[in-house]
Amino acid sequence: MSLSRGIALVALAMGLGAATACSNGDGDGDAGPTAPSPGHLTGGGATASIQAPPTPEGPGLTAPGIRLAAVPRGDGSFDITEDLVARSAVTSLPLRLPDSGEELPGMMTATKPTVTDLTVIADGDPVPVDQAVVSGPRDLPMITAPTRFKLTYRLRGSVVRRIPSTTGRASAAIKPLTSELDGTLPTDLVVSGGGLQNAICPLLTETRCAVGEPPGMAVQQGIPASQALAVLQLDLPLQP
């Protein structure tokens, strides 16, 4: 056998051996890393899937009803967002303030609720508001006949401070501005900030409408709009 033919046979044998070694992936832990299957990304890189936050649901958002979200301020006012889904088209939107506190349990002191900075969106379009202040009963005419509304405003003058008491302790009356449109609409009252200590709904048969314990206390959900007046006992946030 010539020298060149012998070298060729040796090289061929070495190549076959290497191929055989690489094919033995069923051994004891000798297999190399396996590429991830498409759709099973586990890292946080640019290709990882991003989950969108869930869409809020419920009365006033995705179903007929009202959702009032109130954020208390240190001066005793509330920043309020009110979402309304009506059961039928609306040609005039009644606006009614919370009751004075003089006959409300937990307050028993006259108050003068007033709304300022009112904005109204109906079916996604701004509604002309001649006066952004509401100090008494008022009806807001609609140019079209919408069914969905978003109101934002600041509620002032609806708080009674408790002195002497815990710093910032107060009682406040809240209810949706739009509650008279349809008294049967289920209503959710949401109070942010974690300072809620108790809630009384004087128009309900069972007047205590607080759910849970501080700091996670909330107001009972699904109250009919005609009864959705709540007297809150809460700790107002400290003013900056």
Side-chain angles (χ1 to χ4, degrees), residues 52-73 76-88 90 93-99 101 103-107 111 113 115 118-123 146-155 158-160 169-237:
T55 301
E57 299 180 352
L61 299 172
T62 57
I66 302 172
R67 182 182 188 274
L68 182 152
V71 180
R73 297 166 55 89
S77 63
F78 289 81
D79 288 332
I80 294 181
T81 299
E82 192 171 320
D83 291 284
L84 163 68
V85 176
R87 291 192 172 96
S88 58
V90 176
L93 187 66
L95 304 178
R96 302 293 186 267
L97 294 163
D99 299 4
E103 296 183 2
L104 296 180
M107 298 182 74
T111 56
V115 158
L118 173 67
T119 65
V120 181
I121 304 294
D123 282 353
T147 58
R148 293 176 177 268
F149 297 85
K150 180 182 287 290
L151 290 71
T152 60
Y153 53 91
R154 182 164 294 173
L155 175 64
S158 196
V159 159
V160 173
R169 182 66 52 87
S171 296
I174 64 170
K175 79 170 185 178
L177 270 182
T178 60
S179 60
E180 284 203 12
L181 176 68
D182 180 350
T184 68
L185 288 174
T187 302
D188 292 346
L189 305 176
V190 181
V191 182
S192 300
L196 187 61
Q197 302 297 314
N198 199 4
I200 300 295
C201 295
L203 302 181
L204 293 177
T205 302
E206 176 54 55
T207 58
R208 189 176 188 273
C209 54
V211 177
E213 299 293 335
M217 180 173 283
V219 181
Q220 175 183 328
Q221 305 267 294
I223 300 172
S226 62
Q227 299 171 294
L229 168 67
V231 176
L232 312 176
Q233 184 180 20
L234 73 166
D235 292 333
L236 299 172

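For the single chain, residues carry numbers from 1 onward in sequence order. Computed from heavy atoms alone, side chains included, the values below leave out hydrogens, waters and symmetry copies.
Among Lys150, Arg67, Arg148, the one residue that satisfies the side-chain hydrogen bond (donor to acceptor under 3.5 Å, both in side chains) test with Asp83 is Lys150.
Side-chain contact check for Phe149 versus Thr178: every heavy-atom pair is 4.5 Å or farther apart. Using a 4.5 Å cut-off on side-chain heavy atoms (C-beta onward), Leu189 and Val191 make no contact. Side-chain atoms of Pro94 and Leu181, non-hydrogen and from C-beta on, do get closer than 4.5 Å to each other. At a threshold of 4.5 Å between non-hydrogen side-chain atoms, the residues Leu104 and Ile200 do not count as touching. When side chains are defined from C-beta on, Thr147 counts as touching Asp123, because their heavy atoms get closer than 4.5 Å. The closest side-chain heavy-atom distance from Leu232 to Ile174 is below 4.5 Å. Between Leu151 and Leu95 the shortest side-chain heavy-atom distance falls below 4.5 Å.
For residues 206-230, the side-chain hydrogen bond (donor to acceptor under 3.5 Å, both in side chains) pairs, not counting sequence neighbours, are Asn198-Arg208. Applying the disulfide bond (SG atoms under 2.5 Å apart) rule to pairs touching residues 169-198 yields nothing, sequence neighbours excluded.
Closest non-hydrogen pair, Ala210 versus Met217, comes out as CB-SD, 3.7 Å. When all heavy atoms of Pro105 and Val231 are compared, the pair lying nearest together is O-CG1, 3.4 Å. Contact record, Pro72 with Leu236: CB-CD2, 4.1 Å, taken as the closest heavy-atom pair. Lys175 and Tyr153 get closest at one heavy-atom pair: O-OH, 4.3 Å. Contact detail for Leu155 and Pro113: the closest heavy-atom pair is CD1-CB, 4.2 Å. The shortest heavy-atom contact between Gly101 and Met107 is O-CB, 3.5 Å.
Scored by the salt bridge (charged side-chain N to carboxylate O under 4.0 Å, His left out) test, Glu180 finds Arg96 as partners (sequence neighbours excluded). With sequence neighbours left out, Thr111 forms a side-chain hydrogen bond (donor to acceptor under 3.5 Å, both in side chains) with no residue at all. Residues that satisfy the salt bridge (charged side-chain N to carboxylate O under 4.0 Å, His left out) test with Asp188, not counting sequence neighbours, are absent from this structure. In this structure, the side-chain hydrogen bond (donor to acceptor under 3.5 Å, both in side chains) partners of Arg154, at least two apart in sequence or on a different chain, are Asp79.
Atoms CG and CG, from Leu84 and Asp182 in turn, are 9.0 Å apart once rounded to the nearest 0.5 Å. Once rounded to the nearest 0.5 Å, the distance linking OG of Ser179 with CG of Leu229 reads 8.5 Å. Distance check, rounded to the nearest 0.5 Å: CD of Gln197 to CG of Leu234 gives 8.0 Å.
With hydrogens and angles ignored, the 3.5 Å screen pairs no side-chain donor or acceptor of Thr81 with any backbone N or O of Ala69. Between the side chain of Thr187 and the main chain of Leu185, a donor-acceptor pair closer than 3.5 Å is present.
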Output, in order, the C-alpha distance, side-chain angles, deciding distance and verdict of side chain to side chain contact (heavy atoms under 4.5 Å, CB included) for Leu68 and Val190.
CA-CA 6 Å; Leu68 182 152; Val190 181; over 6 Å; no

